[in-house]
2 protein chains.
Amino acid sequence: MPAIKDVARRAGVSVATVSRVLNDHPSVRPDTRERVLAAVADLGYRPNAVARSLRTDQTRTLGLVISDVLNPFFTELARSVEDAARELDYSVIIGNADERPELQDHHVRTLMDRRIDGLLVSPTDGGSPMMLAAARAGTPMVFVDRWIEGEGLDAVPVIRTDGRSAIRDLVDHLCALGHRRLAIIAGPAATTTGRERVDAFRSALREFGLALSEDHIGQGDFQADSGRRVTARFLDLPRPPDAIFAADNLMALGAMDEIRARGLRVPDDVALAAFDDIPWFVHTDPPITAVAQPTGALGHASVRALIDLVEGRPAESVTLSARLVTRRSCGEPEGSTP
Amino acid sequence: MPAIKDVARRAGVSVATVSRVLNDHPSVRPDTRERVLAAVADLGYRPNAVARSLRTDQTRTLGLVISDVLNPFFTELARSVEDAARELDYSVIIGNADERPELQDHHVRTLMDRRIDGLLVSPTDGGSPMMLAAARAGTPMVFVDRWIEGEGLDAVPVIRTDGRSAIRDLVDHLCALGHRRLAIIAGPAATTTGRERVDAFRSALREFGLALSEDHIGQGDFQADSGRRVTARFLDLPRPPDAIFAADNLMALGAMDEIRARGLRVPDDVALAAFDDIPWFVHTDPPITAVAQPTGALGHASVRALIDLVEGRPAESVTLSARLVTRRSCGEPEGSTP
DNA sequence: CCTCCTTGTGGAATCGATTACATGGGATTG
DNA sequence: CAATCCCATGTAATCGATTCCACAAGGAGG
């Protein structure tokens, strides 16, 4: 693999001149530039990004730590982040935390070791030492979807979706269809999205004159299995709920598993709805009503904010809104978007 | 962010000694080692991976270029690759080609610029100049799932799944259920998996005394839309097929879209099966029969082969086998695995 | 007691780029 | 015509690590 000095030798110039051509510095004579470019082409030379990063102290790389790659919401997010970054000539390194704090820390550490220019995180848990360290070290950082609180973390912009109004619409929809005993499979209390969705659900119920009793709140962990366990508990209740809202799509999958395993039917025996819309919801039996996040916009806004920070501009938090997509899983023949 | 010389100063030793401690070189006096370690802890020092890579000429990083992150098969593959790599102390940088050759080349180029130690590719297309260049440059390289041919590429190990016998089982299953007019939504002819699945399907049909007529082979591109288009063409035929086999899960999704849009029913009007099994297939209406690849094993085997190459050991191609998972989409009440 | 070897440590070169500073020659200007 | 400036280029320092080589001190062996 040729280095810059090989190019210099072949073009009969110094390495400084080659570097100037490559970074198109103005003061290089046109014919010299030609010679250098020719040498570059002949040798198939590509600048060593490692060496360049060491010298310039920037890697043009963003780190993205997500909670779970297998969750379609996050893969879609990752994809839109990569797209947005590529457009601005940045690369993205993805770390999958699998909803495990220690894995999240592992990735933050590796990314910092690699001296990435900025960190985009959808945090898994409250107390991440590495994240605090990163913030303290002055690494540009942006939270996406979820966020955590902590010393030095209050200045970190948060790019997120506000689901309150869509959740209110969902409760409205459920009530209109005659459901009265609503339950929720919550996400981990350590995550903001976990708490927030429960709060929004509770407020919406109150607005419709309903209460959310403790045994209608199940603790899940955003994984399918937990959705299944919580649903089992719900259905074992003396008066089981007649509608279940899962705080993410994987737990909805688990809920469906359990409902079906008991020979019950959606929506006749129990209605089902989920936070996060994914392509497969159109094809489940029945199609699932969901609160849809504007994933693409979320990814783009995060990258914009992070790169603003990286390049020394101020960045602000952004809150987008979710919307309800009505399908058959709550009882109506067919709602808005099919 | 402290550098090695800060640690050296604080511990009252030279940078050479610090480096020796960090790479646990034997000849360092125990008390010196203690002092250095204490300084490291005090400063929260972490070695700069960029500088280290420049010097040692290795990054302990693998590049993984996949055809489409949104395809659950590939995210699962990516995840297992990352798991396997992490266990061996390697990181993985994922590039998503989105089934677009130019994006694939972009990623291969960026990864090479970063001087990754090895490249794991599931190639999108036949003629990738960068991939040939990478192979020629001597970068350790392994193909996973798909492969391409070309000058200097014949030595590249291929880690893949052989679907022939599972596809034969599928055809057997379809025939047993009375289907006779079988059609296939093929992948791009430029990909090996595209061609191979058609071949296997054709051979299996022949074995059961059936022919695969040209108008029962639809050209897809592994994306949902193409599955829909091809299915439309099938259903417009004077004598439409009574069973459709999609060569990947996204095209199966598209096929379902189209079938449902026409008010037809699976499996009564037309049976459906797919290559690649994914969790959602259990919950579609009806649950979809699929050929399942051992994705985790595929990822692990790829990493093992690639790291063998990276560390100078010889590596061999591996072929695993797929198996049929029977569900209701072809007509049976309920087969083996639900 | 002198020589030789071992052990622990420091100095300095090195990896491949970028960039501040130096330099020489030609053009501009008073 | 001399002084000045600018343009094009080269020399060398630098980024943060690793590692070869040199060297000093101490122990072993004759």
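Model, not experiment: these values are computed from the prediction. Labels below follow one simple rule: chain letters A, B, ... track the order of the sequence lines, proteins then strands, and each chain is numbered from 1.
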task: Answer yes or no: is there a donor N or O on one side and an acceptor on the other, between the side chain of B:D221 and the main chain of B:Q223, under 3.5 Å?
output: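 Side chain of B:D221 to backbone of B:Q223, a donor-acceptor pair under 3.5 Å: yes, one is there.
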Which atom pairs link the protein and nucleotides 16-20 of chain D when you take only N or O atoms and keep those under 3.5 Å?
from	atom 1	to	atom 2	distance (Å)
D:dG16	N2	B:A51	O	3.4
D:dA17	OP1	B:Y45	OH	2.7
D:dA17	OP1	B:N48	N	2.7
D:dA17	OP2	B:I4	N	2.2
D:dA17	OP2	B:Y45	OH	3.4
D:dA17	O5'	B:Y45	OH	3.3
D:dT18	OP1	B:N23	OD1	3.4
D:dT18	OP1	B:N23	ND2	3.3
D:dT18	OP1	B:R52	NH1	3.0
D:dT18	OP2	B:S19	OG	2.6
D:dT18	OP2	B:N23	ND2	3.3
D:dT18	O2	B:R55	NH1	2.2

message: Would you say A:T32 places a side-chain N or O within less than 4.0 Å of OP1 or OP2 belonging to D:dA8?
response: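 No, because none of the side-chain N or O atoms of A:T32 sits under 4.0 Å from OP1 or OP2 of D:dA8.
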- request: Rounded to the nearest 0.5 Å, what's the gap from CG on B:D117 to OG1 on B:T59? Could you check?
  value: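 Answer for the CG-OG1 pair, B:D117 versus B:T59, is 3.5 Å.
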query: Looking at CG of B:L43 and CD1 of B:I4, how far apart are the two atoms once the value is rounded to the nearest 0.5 Å?
result: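 So the CG of B:L43 and the CD1 of B:I4 are separated by 12.0 Å.
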Side-chain donor-acceptor contact under 3.5 Å, B:R160 with B:T192: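 Per modelled atom types, B:R160 and B:T192 side chains form no pair under 3.5 Å.
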Atom [atom1] of [X] to atom [atom2] of [N]: distance rounded to whole Å?
X: A:D24; N: D:dA8; atom1: CG; atom2: P; result: 15 Å
X: B:H25; N: C:dT9; atom1: NE2; atom2: C1'; result: 10 Å
X: A:Q58; N: D:dC15; atom1: CD; atom2: P; result: 17 Å

task: Can you sort out the partners of A:A301 under side-chain contact (heavy atoms from CB on, under 4.5 Å), two or more places apart, ordered by chain and number?
output: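 In terms of side-chain contact (heavy atoms from CB on, under 4.5 Å), with neighbours along the sequence ignored, A:A301 is linked to A:I159.
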message: Does this structure show an ion pair linking A:R33 with A:D24, if we count only N-O contacts that are shorter than 4.0 Å?
response: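 No.
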